[in-house]
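Just below is one structure, and these are the notes that go with it.
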Amino acid sequence: MRARTTFRGVIVGTAAMAAVFSGTTAQAAPSETEPTCSYPSVCFIHGGEVVDEYYHVSDWQYLPIPLRAPLRVVNTRHETVWIGDSKGGASCIQPESALDVPYGTIEAVRIDDSVECDLT
C-alpha cells in the first residue's frame, strides 16, 4: 500500500508540474528587463534606467553627479573597471560582468586596460 501511495503521489506531482510548465494553471509574472548596455560600455543603472555610461580606458574620473545606491554597474568591456565610493573605497568589476551596489554613493570610475583586478 505504501508503494502505491508513493507512486500515486509521483503521478499527481508530475501532472501538477506539467500543468505549471504548460501554463494551464498559473501565469508567469511579467519579468523586468534590464536596460541595454552595449559593448564597449560601462553602465550605471538606477531604478531600471541607465543613468550614466562610459566607454574609454581612463584614469580615475569623477562622475558629473555622484550616484546613490542602490545601483547596478554593468561592465560589457573585456577589461576591468573600478568604481570609487564617497568614503574612499574602491571595488573592481571583472570583464563582462556586473556588480550590485546596495548602499553608499559612487563618485568615480576607472576603466583599466587590464583583465586583472590589480589597482596600480
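All values reported here derive from a predicted model rather than from experimental measurement. The residues of the chain are indexed from 1 along the displayed sequence.
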Show me the donor-acceptor pairs, under 3.5 Å and distance only, between side chains in residues 82-96 and residues at least two apart or in other chains.
| unit_1 | atom_1 | unit_2 | atom_2 | d |
| --- | --- | --- | --- | --- |
| W82 | NE1 | D112 | OD2 | 3.2 |
| D85 | OD1 | K87 | N | 2.9 |
| D85 | OD1 | G88 | N | 3.0 |
| D85 | OD1 | G89 | N | 2.8 |
| E96 | OE2 | H78 | ND1 | 2.4 |

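- When all heavy atoms are compared, the tightest approach of V101 to A69 is O-CB, 3.3 Å.
- Both V74 and V50 are members of a single hydrophobic cluster when ILVMFWY side chains are connected at heavy-atom separations under 4.5 Å.
- Of all heavy-atom pairs spanning P35 and I45, the tightest one is CG-CG2, 4.0 Å.
- Atom OH of Y39 is surrounded by more than 12 heavy atoms from other residues, nucleotides or ligands within 6.0 Å.
- Exactly one residue among L71, V109, L67 makes a side chain to side chain contact (heavy atoms under 4.5 Å, CB included) with D52. That residue is L67.
- Of the possible polar contacts, one joining the N75 side chain to the R77 backbone as a donor-acceptor pair under 3.5 Å is found.
- Put simply, the side chain of H46 gets close to the backbone of P70: a donor and an acceptor are under 3.5 Å apart.
- With a 4.5 Å cut-off on side-chain heavy atoms, V81 and Y54 do not count as touching.
- The main-chain N or O of E116 is found under 3.5 Å from a side-chain atom of S114 such that the two form a donor-acceptor pair.
- How far CD1 of I65 is from OG1 of T105: 12.5 Å, rounded to the nearest 0.5 Å.
- Linking Ile, Leu, Val, Met, Phe, Trp and Tyr residues whenever their side-chain heavy atoms come within less than 4.5 Å places V57 and V42 in a single cluster.
- Using a 4.5 Å heavy-atom threshold, the side chains of D59 and R110 count as touching.
- S41 approaches S38 most closely through the heavy-atom pair OG-O, 2.7 Å.
- The hydrophobic cluster containing L99 also contains V51, counting ILVMFWY residues as joined when their side-chain heavy atoms lie under 4.5 angstrom apart, directly or transitively.
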